[in-house]
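Residue numbering restarts at 1 for every chain, and letters A, B, ... go by the order of the sequence lines.
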Amino acid sequence: MTVDGPQSPEQSSVGAKSKGSGPPRVRIAPSPTGDPHVGTAYIGLFNYVFARKHGGQFILRIEDTDQVRSSASSEQAILSALRWLGLDWDEGPDVGGPCGPYRQSERLELYKREVEVLIDKGAAYRCFCTKERLDALREQQRAAKTGRFGYDRHCRELDPAEARARAEAGEPHVVRMKMPTTGETIVPDGLRGNIHRDNAESDDQVILKSDGFPTYHLANVVDDHHMGITHVIRGEEWISSTPKHIVLYDMFGWEAPQFYHLGLLRNQDKSKLSKRKNPVSLDYYRDLGYLPETLLNFLGTLGFSIASDQERFGLDEMIEHFDWSRVSAGGPVFDQQKLEAFNADDIRALSIDELYARVKDRVLDEARVKALLAQAQPRINLLDEFIPYVSFFFGGSVDYTPVLAKFRIKKRTRAEVTGILKVYLDEIERDERARAFTAEGLEAFSREFCQRHEWKAREVFALLRLATTGRTAAPSLFDTMALCGKDRTRRRIREAIVTLDRGESW
RNA sequence: GCCCGAGUGGUCCAUUGGUAGGAUGUUGCAUUUUCAAUGCAAUGGAGCGGGUUCGAUUCCCGCCUCGGGUACCA
């Protein structure tokens with residue numbers, strides 16, 4: 001059997017294995033659509049620990065079925081962040097394995113084949129409804145306040161032969177599953193007991209998009225089956241679509257895995273953890289010098305406990321004591337202060353030699369020091385001035401008190417200043433050039449940004465320099481931002497906004 | 001709107017049919033030239049209303065609050 005052949009995953013001995021026997025196989029399935037997220041690490045940790053506890057396998061699968069938003073650089077970043085944490089996977093896109101490929105965009109033939117099976121069984125059908133019709137439908141449902149939303153099954157009773165002919169003639173269409181309209185589906189959740197849901201509540205979900213890519217719902221069921229996944233440990237956000245997944249397993253005649261839905265990480269205000277209100281990128285925690293084992297321990301305490309009086313534990317201890325009865329289902333607040341206290345504790349526990357090794361490795365690695373030296377060289381006169389000169393490239397917050405007045409720009413109100421910074425923060429996330437955070441990309445984006453918003457480059461650039469460095473004089477702005485790094489820069493701009501919003505005088 | 005989930009100090013987690021414990025946070029004291037660290041102490045809690053019970057935070061019902069879903073995103 002080839003490692004990466006999509007041809008015959010169903011022949012795989014692993015794929016055919018029943019979930020009742022043998023060690024568990026679990027997976028995390030991140031979507032490469034942005035920065036590596038702490039939520040991925042959180043779910044990954046529980047999957048990893050569960051697998052190790054029972055001598056099973058932990059698999060990494062890339063869910064890149066969203067062609068528009070997925071990117072190779074994001075996938076790369078996710079892999080490297082998870083590796084930093086030490087959650088090693090037994091099978092994955094980079095290490096291979098018997099059930100590959102582990103990237104969904106490379107398994108398209110498999111989904112197509114399985115969808116045909118469903119259509120032939122009469123369990124799925126082609127739908128030719130246009131986006132316009134669907135939008136109008138949704139609008140109408142909203143206005144009617146019936147409480148019932150979702151697709152109206154307009155194409156469900158089309159003659160299959162006719163539908164096939166239309167499709168072969170090139171008419172654009174999707175494929176939908178034929179959800180039962182009566183009865184109920186029970187989701188047995190290992191953490192929450194049986195969750196009941198009337199089938200009538202679920203509509204005919206799209207399983208194959210018009211671009212030939214599967215939706216998550218189809219891909220995750222097909223892959224979990226063919227990869228022999230026995231336990232699906234994922235976030236609470238999936239509970240409501242799980243009945244559809246169970247129906248799909250049923251339609252295929254496959255055994256469904258055991259489900260466990262963990263609570264979602266939250267902001268201080270209990271809303272779902274978001275980058276608007278919290279640093280959520282694993283890169284942030286890595287770059288600011290959180291210890292990976294500390295972050296893992298902290299994530300572990302969010303939902304799991306060893307015993308009443310011990311919350312500091314290593315991965316090995318978590319594995320040793322892991323049991324679902326010790327996992328809680330509530331959505332925990334991700335408390336930065338407590339994480340930092342843990343980290344402080346762990347730093348103090350290190351020997352000086354160990355600490356030196358960590359700092360050298362993480363903070364003063366050769367490439368970074370050389371890049372900083374390149375910036376410092378034209379601007380320092382004594383070697384010893386190097387450290388003070390580059391100090392603002394390190395650490396989290398900078399002190400804005402000495403430069404507060406410099407944020408005042410002629411003919412601009414304070415609201416305009418904080419406003420433009422907020423918009424900037426928003427747009428660097430969405431802009432292709434800015435997202436990678438290279439000096440060139442940032443500059444191209446920023447110049448265009450100024451034009452579009454009718455601000456002088458001089459004004460915006462001054463604000464950005466102040467916000468990211470807390471100084472009026474620094475190396476070239478975009479080199480500086482790039483070297484500070486995306487997460488540190490983003491955090492400082494956010495903090496500058498808060499500082500300005502709080503300021504009494506303007 | 002409708003469906004689903006969750007509610008123990010501010011936050012994370014433990015515990016129990018007999019009024020709750022640790023961590024973090026906050027405050028104070030000691031120590032330190034100062035700060036940090038450390039030590040000691042204090043602060044602070046079962047969402048609300050019914051029911052069952054001698055007794056409920058724990059079991060049951062209703063409500064409330066928060067969260068998730070309701071996509072050709074995952």
Sugar-phosphate, base or nothing in reach of A/D66, heavy atoms under 4.0 Å: sugar-phosphate
Touch class at under 4.0 angstrom, heavy-atom based, for A/S328 against every strand present: sugar-phosphate
B/C12 OP1/OP2 closer than 4.0 Å to side-chain N/O of A/S305: no
Side-chain N or O of A/K209 closer than 4.0 Å to phosphate OP1/OP2 of B/C73: yes
Strand partner of B/U53, provided both Watson-Crick or wobble distances fall under 3.5 Å: none
Pair A/R491 + A/D287: basic N to acidic O under 4.0 Å: no
Closest nucleotide among B/G10, B/C72, B/C73 to the A/R69 side chain: B/C73
Pairwise P distance, B/A41 and B/C63 [rounded to whole Å]: 47 Å
Nucleotide opposite B/G1 in a Watson-Crick or G-U pair, distances under 3.5 Å: B/U70
Sugar-phosphate, base or nothing in reach of A/G330, heavy atoms under 4.0 Å: sugar-phosphate
NZ or CZ of A/R166 within 45° of A/F128 ring axis and under 6.0 Å: yes
Salt bridge flag under 4.0 Å for residues A/D35 and A/K486: yes
Whole-Å distance separating the CG atom of A/D198 from the P atom of B/C4: 7 Å
pair A/F46-A/F322: side-chain heavy atoms closer than 4.5 Å: yes
Whole-Å gap separating C1' (B/G69) and CD1 (A/I195): 12 Å
Sugar-phosphate, base or nothing in reach of A/H196, heavy atoms under 4.0 Å: sugar-phosphate
Distance below 4.0 Å between A/S240 side-chain N/O and B/C3 OP1 or OP2: no
Residue matched to B/G25 through Watson-Crick or wobble contacts both under 3.5 angstrom: B/U43
Atom C1', compared across B/U27 and B/C48: separation rounded to whole Å: 31 Å
N/O (side chain, A/R138) to phosphate O (OP1/OP2, B/A71) under 4.0 Å: yes
A/R83 and A/D94: CA distance, side-chain angles, deciding distance, side-chain contact (heavy atoms from CB on, under 4.5 Å) verdict: CA-CA 12 Å; A/R83 226 187 299 276; A/D94 54 338; 2.8 Å; yes
Whether over 12 other heavy atoms sit under 6.0 Å from A/E340 CD: no
Inter-nucleotide P distance (B/C60, B/G5), Å rounded: 14 Å
A/D361 bridged to A/R358 by N-O distance under 4.0 Å: no
Spacing of A/L264 atom CG relative to B/G68 atom C1', expressed in whole Å: 7 Å
Sugar-phosphate, base or nothing in reach of A/S202, heavy atoms under 4.0 Å: nothing
Counterpart base for B/A14, defined by Watson-Crick or G-U wobble contacts under 3.5 Å: none
Closest-nucleotide ordering on RNA chain B, the 5'-leading residue of A/R197 and A/K244: A/R197
Short side-chain N/O contact from A/K272 to OP1 or OP2 of B/A74, under 4.0 Å: no
Ring centroid separation A/W89 to A/Y102 under 6.0 Å: no
Touch class at under 4.0 angstrom, heavy-atom based, for A/T65 against every strand present: sugar-phosphate
Nearest listed nucleotide, side chain of A/V206, among B/A74, B/C72, B/G67: B/C72
Interatomic distance at C1', B/G9 relative to B/G44, whole Å: 5 Å
Identity of whatever pairs with B/G62 - Watson-Crick or G-U, under 3.5 angstrom: B/C48
Pairing partner of B/U31 (Watson-Crick or G-U wobble, both distances under 3.5 Å): none
Length of the CZ-C1' vector between A/R326 and B/G22, whole Å: 13 Å
Sugar-phosphate only, base, or nothing, as touched by A/G235 at under 4.0 Å among non-hydrogen atoms: nothing
Residue A/D335, side-chain heavy atoms: nucleotide from B/C3, B/U11, B/A74 that is nearest: B/U11
Nearest-angstrom distance from the residue atom NZ of A/K270 to P of B/G5: 19 Å
Residue mapping more 5' on RNA chain B - nearest nucleotide basis, A/R266 or A/L302: A/L302
Gap in Å between the two P atoms, one belonging to B/G55 and one to B/G50, rounded: 15 Å
C1' spacing across the pair B/U15 / B/C29, given as an integer number of angstrom: 32 Å
Spacing between A/L262 atom CG and B/C4 atom P, to the nearest angstrom: 21 Å
Sugar-phosphate only, base, or nothing, as touched by A/R312 at under 4.0 Å among non-hydrogen atoms: nothing
Criterion side-chain hydrogen bond (donor to acceptor under 3.5 Å, both in side chains) on A/T181 and A/R156, from CA distance to verdict: CA-CA 12 Å; A/T181 54; A/R156 188 188 237 221; 5.1 Å; no
Complementary nucleotide of B/G9, counting Watson-Crick and G-U pairs under 3.5 Å: none
Base B/C72 paired with A/S210 side chain (donor-acceptor, <3.5 Å): yes
Sugar-phosphate only, base, or nothing, as touched by A/V333 at under 4.0 Å among non-hydrogen atoms: sugar-phosphate
Whole-Å gap separating P (B/A6) and NE2 (A/H261): 12 Å
Gap between atoms CG and P, on A/N343 and B/G25 respectively (whole Å): 13 Å
Closest to side chain of A/A341, choosing from B/G5, B/U24, B/A74: B/U24
